[in-house]
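What follows is one structure encoded as structure tokens, with my remarks underneath.
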Amino acid sequence: MSASFLQPPILSFTEKATSISEVHQAHAHLLKTGLIHHPSVARRLLFSAANTTTTTYAHAIFTRLQDPNTNVYNAMIRAYANSPTPQNAITVYTQMMNDCVVPDKYTFTSALKGCSRIRGVEEGKQVHAHVVKIGIGSDLIVGNTLVHLYAKCGYFEVAREVLDRMPQRDVISWNAILSAYVNVGLVELARGVFDEMPERNLESWNFMISGYVAVGLVEEARGVFDEMPVKDVVSWNVMITGYSQASGFGDVLVLFEEMQNANVKPDSCTLVSVLSACARLGALSQGEWVRALVKKNRIDDANGFLATALVDMYSKCGCIEKALEIFQNAFKKDVSTWNSMISGLSIHGFGEQALEIFNEMLTDGVEPNEITFINVLSACSHAGLLKEGREVFDLMIRVHRIQPSVKHYGCMVDLLGRFGLLEEAEELVKSMPMKEASVVWESLLGACRNHGNVEKAERIAGKLLELAPEDSSGYVQLSNIHASMGRWNDVNEVRTKMKTRGVSKQPGCSMIEVDGIVHEFFSLGSSAFLNSVNEWEG
DNA sequence: ATAGGGTTAG
């Protein structure tokens with residue numbers, strides 16, 4: 001029936017309402033006119049309210065309906081099943097059963113979805129029993145929801161049994177098991193299902209690639225990727241992410257180029273990964289090229305990830321002014337965007353500016369996280385801002401209730417050490433609750449050596465050896481100290497200890513772009529002594 | 001009027 005001719009405009013408005021405020025408006029009007037007292041009108045209001053993002057309003061209307069029917073219950077269960085509190089879907093379902101309202105296939109799919117989302121197998125089994133009792137078990141969609149439930153809860157044998165008993169299956173039935181295997185890292189079993197499936201869709205292939213990527217099997221992922229008949233943007237993104245996670249940043253750029261040759265339009269997710277690779281490689285020109293692409297194609301950056309990646313890329317490629325420009329023009333900034341700007345300024349030695357940005361962040365009402373404080377403290381340390389660093393450390397603990405981690409302590413020890421406040425630094429290190437803190441001790445040791453406090457340095461180096469006997473730094477540091485005092489017997493002793501324990505110094509590796517070409521180089525340590533350590537090994 | 005797959009990222 002053509003609603004607009006037969007009913008007052010308020011009713012069609014009620015039906016079309018999609019936002020909370022529209023539902024609210026409709027509600028107010030229905031109350032004023034008394035139309036709300038018609039059960040069918042109240043139900044329509046509930047259907048609209050159940051389609052909004054919040055469930056509280058829908059629930060309020062729901063509780064006032066005097067005679068809720070199947071459709072009303074379905075709407076409420078569905079709303080909760082998709083909400084952040086899916087447990088409530090089961091509560092409403094139970095209430096429905098107690099009220100003896102007869103369920104249908106829509107009731108079951110929503111209730112089972114609620115069970116899946118809280119991983120409630122026991123609840124799911126109850127619903128499953130009802131499904132069988134009502135005789136709706138042969139429905140394809142209900143069956144798929146059941147397979148999904150059991151697979152997601154790790155009941156793979158049950159999931160498989162349900163699937164095998166279904167009178168008909170489709171690709172979604174198989175994907176439910178495939179994706180569940182992938183999500184718990186059982187990639188071999190996923191592969192078995194993948195090979196067995198009578199049909200596959202794009203998602204099946206994408207699941208399989210992401211399964212390999214998740215366990216670090218990039219080559220296997222690439223094999224599946226190359227085999228797939230049609231790729232979408234997700235396929236490319238998953239593969240690019242795989243290379244990125246395996247630190248194959250060069251491969252990221254190569255694959256991105258192939259993607260464009262294949263005429264697949266990148267989305268913000270692609271470009272975030274590519275920019276991150278550019279940042280890691282120091283590949284400025286490619287990064288700038290991506291920025292132009294973002295502008296030209298007006299790529300959507302609703303969550304601000306792209307802005308963050310651009311700030312990071314420019315910072316790491318040495319262009320702090322451009323990073324600032326991106327930051328200031330960013331349409332949306334979240335905590336990571338701020339973090340990445342603070343980190344960039346810190347890296348470039350602009351401690352005061354980093355603090356300014358941090359304060360701006362607080363004024364803007366953005367809640368800083370533990371990364372923020374690592375970046376701010378590191379900025380203070382690099383720039384030698386002692387008073388500010390102490391204040392920030394205190395602010396982090398007292399106001400923002402963040403427990404300092406090893407990295408936070410490390411920054412503070414660096415900062416105190418820089419000013420020769422060795423006693424205070426040592427007290428701070430001793431106050432640390434965590435055990436795996438050799439990095440912090442190392443930092444303190446460096447400070448002691450810089451300030452010529454050899455006795456303290458020696459004591460701490462010994463401590464370092466106890467804490468991390470498999471790490472080269474304690475040995476190297478201790479040898480350095482002995483050598484600086486001309487105690488060659490002690491140097492020899494440390495050297496032997498290091499050798500017998502099979503400890504070796506790992507060379508560092510860096511990359512930089514020169515004239516559009518990315519170069520890789522290894523560091524063998526900054527001091528002549530480190531080189532001599534390497535000679536011993538040879 | 002309503003239903004089934006959490007694919008990717010700073």
Side-chain angles (χ1 to χ4, degrees), chain A residues 3 14-16 40 43-44 46-48 50-51 69-79 81-82 86 104-114 116-117 119 136 139-149 151-152 166 169-180 182-183 190 201-211 213-214 221 232-242 244-245 252 266-280 301 303-313 315-316 330 332-341 343 371:
Chain A
T14 303
E15 272 177 352
K16 284 180 195 138
S40 75
R43 276 200 292 270
R44 270 189 251 188
L46 174 76
F47 293 145
S48 291
N51 282 327
N69 61 14
T70 302
N71 295 340
V72 164
Y73 271 109
N74 287 354
M76 206 59 231
I77 295 168
R78 174 168 39 88
N82 297 318
D104 61 11
K105 53 187 179 173
Y106 299 104
T107 317
F108 291 124
T109 46
S110 294
L112 288 168
K113 185 176 186 182
S116 302
R117 289 198 48 213
R119 288 168 195 270
I136 229 161
D139 182 88
L140 175 64
I141 297 182
V142 173
N144 284 347
T145 324
L146 281 165
V147 175
H148 178 243
L149 165 81
K152 171 133 192 219
M166 284 166 70
R169 290 158 283 280
D170 66 4
V171 67
I172 292 179
S173 331
W174 289 98
N175 280 354
I177 296 187
L178 177 66
S179 70
V182 162
N183 281 334
N201 63 7
L202 249 167
E203 279 168 333
S204 323
W205 288 90
N206 289 346
F207 278 134
M208 202 59 240
I209 300 171
S210 69
V213 161
D232 68 354
V233 64
V234 175
S235 326
W236 289 92
N237 287 353
V238 174
M239 200 58 237
I240 284 175
T241 307
S244 185
Q245 279 169 7
V252 168
D267 61 9
S268 71
C269 185
T270 323
L271 300 179
V272 165
S273 297
V274 172
L275 284 170
S276 157
C278 292
R280 297 291 296 265
D301 186 27
N303 49 23
F305 274 33
L306 257 178
T308 308
L310 279 166
V311 169
D312 193 50
M313 183 277 291
S315 296
K316 297 229 166 85
K332 187 175 189 308
K333 297 182 183 108
D334 72 358
V335 59
S336 296
T337 321
W338 291 91
N339 287 352
S340 127
M341 192 66 250
S343 159
I371 310 285

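Computed from a predicted structure; not experimentally measured. Below, each value reflects all heavy atoms present in this structure, side chains not excepted, and no hydrogens, waters or symmetry copies. Reminder, nothing fancy here: chain letters follow the sequence lines and each chain counts from 1.
At a threshold of 4.0 angstrom between heavy atoms, the contacts of A:Val234 include nucleobase atoms, whether or not backbone atoms are also involved. Within the 4.0 angstrom heavy-atom criterion, no nucleotide atom of any strand lies near A:Ser340. Counting non-hydrogen atoms under 4.0 angstrom, A:Thr337 reaches a base of the nucleic acid. Contacts of A:Asn339 with the nucleic acid, taken as non-hydrogen atoms under 4.0 Å apart, are absent. Using a 4.0 Å heavy-atom criterion, one finds that A:Gly304 contacts the bases of the nucleic acid, with or without backbone contacts as well. Note on A:Asp301: nothing from the nucleic acid sits closer than 4.0 angstrom, heavy atoms only. At a threshold of 4.0 angstrom between heavy atoms, the contacts of A:Lys113 are confined to the sugar-phosphate backbone, with no base atom among them. Using a 4.0 Å heavy-atom cutoff across all strands shown, A:Asn51 reaches no nucleic acid atom at all. Backbone-only contact: A:Ser179 has heavy atoms under 4.0 Å from sugar-phosphate atoms and none from a base.
Here B:dT7 is the nucleotide among B:dA9, B:dT7, B:dT2 with the atom lying nearest to any side-chain atom of A:Phe207. Considering only the side chain of A:Lys105, B:dA3 comes nearest among B:dT8, B:dA3, B:dG6. In the set B:dA9, B:dA3, B:dT2, the nucleotide with an atom closest to the side chain of A:Asp139 is B:dA3.
A:Ser48 meets the side chain to side chain donor-acceptor pair (under 3.5 Å) test with no other residue; sequence neighbours excluded. With sequence neighbours left out, A:Ser268 forms a side chain to side chain donor-acceptor pair (under 3.5 Å) with no residue at all.
Proximity of A:Gln245 to the phosphate of B:dT8: no side-chain N or O atom is located under 4.0 Å from OP1 or OP2. At B:dA9, none of the side-chain N or O atoms of A:Thr308 fall inside 4.0 Å of OP1 or OP2 (strictly under the cut-off).
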